[in-house]
Amino acid sequence: MLVPTHSCDACASLVTFVWDNDSDQNLFSLTLPDDWRSRAWIPIGRIRYGDAVEHAQNGCDLMELLTTSCPRDDPSDLLVAGTYYIEASRYKSTYGEQYPAFSSIRKIEIFFAWQSESDKEKWSRAVGAVLCALQSDPSAAEIAVRPPNMCPDSPETMQLARGWLQECVAEHKQCVTSDAAGVGPKRLLRIDEIDGELLLRVVECSDLSTVPHYAALSYCWGGQQTVVLNCENRDAWADGLPASAIPKTIHDACNVTRDLGLNHLWVDSLCIAQSDNQEKLREIAAMGAIYEHAHITISASRAASADEGFLHPRHAPEDLVIPMPYQCNNGQPASILLWFNRQPQFSDPISRRAWTYQEATLSRRLLTIGSHQTRWNCRAIPPTTARVDGWTDGNHYVMSGFVDWEAIDTSKRKKHVSARQWKSVVQHYTGRTMSDPGDRLAAISAVAKKLQGDTGGEYLAGLWQHCLPELLMWDASRCVEPPVYTAPSWSWASMLGQVYFLYSLSGPHGVEVVDFKMETPVPHDPHGPVVDGFLRLRGMVAVATLGFEWDESLRGDIPFCRPHRRKRAHGLALERRSEFVRGNLDLEPPELVEGAKITVWMLRLDGDHSSRNNRGLLLLRLADGAFCRIGIYSGLGYGKPYIPWRPMDLILSRKKEWDDIDRFEWEIRCMTVV
């Protein structure tokens, strides 16, 4: 079926989207450049700005958009277009080179701009659109992107979601939830319908013979909640609560739960007594099991708050859709949609909230209702191959850093979480935000608890003992210090912001964990918040003096010396020959003021003592004799100072003139790091 094409006949005759490198008849032939993953600008025939203005005045939607969004003074400027992002699901290999098959183009963004004919370097701003095809159109065989489903609560969408759930229950053994005794929520929300109206009741699971199949809601609070369960209203809510009294997001979740054929829903604000701190701590510790054993998790991805809801139409005021004629690769006429002003890479509010990371990661089945699409994932269907109801094939909305539970289940003989996998988890988790800094470890505790149960290993305030040296090399140069204590200084949880793992250790680890202690507010729960803790490490240590000792002549050439940079460059006071270390400071110690110098300790984590590229921690000695982490270092070298390009780099040097790295005043000692 062909959709009605572009309203301007003149423009429709000038612009045709085809996969043809040798088209002489069509004035615009979209081709794939040699480097087909990069942007390539292609002139669109001889459409000039002056002609486009005339087309716009005659009712051409496309030309009106391009002329009003990118006004130009020269009417002779030419219209150009470029492809920005292309993926292909299949490749044809020729002598080691890969080319996309035309019939498997996955996603295309087209950018339009005006270019001066006299000066090719003069460009207007670009306007982008995504190429879409209706499933019923012949172009769907070549264009994989479908238009967004504008009605997420339509009967067709809910029927599709029920089909995904039924298929998973019937065919996916890895998604089956266990019925272990004592596992599950303390309370559930019972949803009944009376005279067309929803009636909710809070039920105690201990009063039920068995815990029924339930849906769990993953959503953003968006601030303090006005409707929550507490010790005062608990008995009244057991008798009934009208659905009109609850926030819109939770109300929508109740409707989806019923549409999926379920009668029970778990919502943290309505199933945990928010005024009972001890209950909150216990339920937070059990939250991983609550989501893992849910029959399905409903993710209100597009709602920024509990009051916003997520089943309203997906129309956006800035959306502009223009149908255009299209010629398939076999010559068959078809049509496509140019969808302007809808960002394909837009991330929903839920993907920016820290607590929802583990909720989605631990769920066996996940129904995400987002700004662009409704998406299905489960243990058998990973995020990269999600089922969707429109817009994309799901690949462009993958929440990175998710744990591959199937890979862990099939490799339990390893008995440990890999450092590489945990680095990915931490890096993506810390890129999310939370309202309470004290939740830094609590909001990922369920993932850690699940991993420890599956693979074993000792969990130490966000790190794993078996690969501790590797995980200690986190970089917090883009972080800030929290207002309250959140973790020991050696844990990434001691800083707020996204941490990165810039370096890996070569060879064996060079430090030994002699002793450790973690004090947690919940007894016998090492995965949650930490109120105190230390590591006692044994390894090779060198002493250096840290201060502001860079060469003033190099100030203009060092990017991180610019005043707008938050981090400042540091160096060592030199005696004879210098040896330089590249590293990153977490925070500037308060003692380190202009002209001052402080003593720091370099604890080597890399066990390859023959290598000059050793890596480790920068430590500061405290008044009680213990040490705290202030940063990391990487690499030693001779000669002129190394000038780093990253703003977080610092410079250290040693005091002696020995050339052998093994004689760099390293000594083996034990250090207590808090």
Side-chain angles (χ1 to χ4, degrees), residues 177-190 200-208 210-221 224-235 237-238 241 246-247 249-250 253-254 257 264-300 306 350 353-364 434-436 438-453 459 520-531:
T177 57
S178 62
D179 297 325
V183 175
K186 179 179 178 64
R187 301 182 187 91
L188 287 171
L189 202 61
R190 168 78 188 193
L200 312 178
R201 289 186 297 113
V202 176
V203 297
E204 301 283 338
C205 291
S206 58
D207 296 336
L208 305 175
T210 59
V211 177
H213 287 323
Y214 64 92
L217 177 62
S218 177
Y219 69 113
C220 296
W221 277 35
Q224 192 67 29
Q225 301 300 294
T226 57
V227 181
V228 297
L229 180 71
N230 53 50
C231 298
E232 290 73 29
N233 61 21
R234 186 166 49 197
D235 293 338
W237 283 15
L241 173 69
I246 64 176
T249 296
I250 301 177
C254 292
T257 301
H264 293 85
L265 175 68
W266 185 86
V267 186
D268 53 2
S269 61
L270 303 185
C271 296
I272 301 176
Q274 300 298 312
S275 59
D276 188 337
N277 290 328
Q278 289 301 316
E279 179 177 315
K280 286 175 63 177
L281 288 174
R282 289 194 302 269
E283 290 300 288
I284 287 175
M287 196 170 289
I290 292 174
Y291 281 97
E292 184 180 3
H293 290 84
H295 196 62
I296 187 173
T297 295
I298 300 169
S299 175
I350 206 167
R353 181 174 175 250
W355 276 100
T356 59
Y357 174 85
Q358 66 178 8
E359 295 169 4
T361 300
L362 292 167
S363 298
R364 293 179 178 271
M434 59 178 56
S435 56
D436 185 359
D439 291 339
R440 186 75 158 164
L441 285 171
I444 201 174
S445 61
V447 175
K449 186 175 183 179
K450 166 70 174 173
L451 284 170
Q452 187 177 48
Y459 186 70
T520 61
V522 179
H524 311 296
D525 180 21
H527 312 99
V530 173
V531 296

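What's counted below: heavy atoms across the whole structure, side chains too, no hydrogens, waters or symmetry copies.
Residues passing the ring-ring contact (aromatic ring centres under 6.0 Å, His included) test with His295 are His213, sequence neighbours excluded. A search for side chain to side chain donor-acceptor pair (under 3.5 Å) contacts involving Trp237 returns nothing, not counting sequence neighbours. Evaluation of the side chain to side chain donor-acceptor pair (under 3.5 Å) rule for Asp276 yields no partner, not counting sequence neighbours. Listed by chain and number, the residues in a salt bridge (Lys or Arg N to Asp or Glu O under 4.0 Å) with Arg353 amount to none (sequence neighbours excluded). Contacts of Thr520 classified as side-chain contact (heavy atoms from CB on, under 4.5 Å), with partners at least two apart in sequence or in another chain: Val530.
When every heavy atom of Gln358 is checked against every heavy atom of Ala442, the shortest pair comes out as NE2-O, 3.9 Å. The two atoms that bring Pro247 and Gln225 nearest to each other are CG-OE1, 4.3 Å, heavy atoms only. Across all their heavy atoms, Tyr219 and Ala306 have their closest contact at CE1-CB, 4.0 Å. In this structure, Thr257 and Ala253 approach most closely via the heavy-atom pair OG1-O, 2.7 Å. Listed here is the closest heavy atom pair of Ile444 and Arg440: CG2-O, 4.3 Å. Residue Cys271 comes nearest to Leu229 through the heavy atom pair C-CD2, 3.9 Å, listed as atom of the first residue, atom of the second, then distance.
Under the 4.5 Å side-chain criterion, counting only non-hydrogen atoms from C-beta, Leu270 is not in contact with Val228. Residues Arg234 and Glu204 form a side-chain contact, since some pair of their non-hydrogen atoms from C-beta on lies under 4.5 Å apart. By the 4.5 Å heavy-atom criterion applied to side chains, Leu188 and Cys205 are counted as neighbours. Contact of the Thr361 side chain with the Tyr291 side chain is not registered, since no non-hydrogen atoms from C-beta on lie closer than 4.5 Å.
Between atom CG of residue Leu265 and atom CD1 of residue Ile296 there is a gap of 11.0 Å, rounded to the nearest 0.5 Å. For the atom pair CH2 of Trp266 and CG of Leu189, the computed distance is 11.5 Å after rounding to the nearest 0.5 Å. Atom CG of residue Leu441 and atom NE2 of residue His527 lie 11.5 Å apart, to the nearest 0.5 angstrom. Taken from CG in Leu241 to CZ in Arg190, the straight-line distance is 15.0 Å, to the nearest 0.5 Å.
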Pairs under 3.5 angstrom only: tabulate donor-acceptor contacts from the side chains of residues 279-290 to other protein residues two or more places apart or in another chain.
unit_1 : atom_1 : unit_2 : atom_2 : d
Glu279 : OE1    : Arg187 : NH2    : 3.3
Glu279 : OE2    : Arg187 : NH1    : 2.5
Glu279 : OE2    : Ala273 : N      : 2.9

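Residue Glu232 qualifies as enclosed at atom CD: its count of foreign heavy atoms under 6.0 Å is above 12.
The backbone N or O of Ile350 sits less than 3.5 Å from a side-chain atom of Thr356, completing a donor-acceptor pair. At least one donor-acceptor pair under 3.5 Å links the side chain of Ser275 to the backbone N or O of Cys231.
With no hydrogens or angles considered, no side-chain donor-acceptor pair links Tyr459 and Ser445 at under 3.5 Å. Side chains of Trp355 and Tyr357: no donor on one and acceptor on the other come within 3.5 Å.
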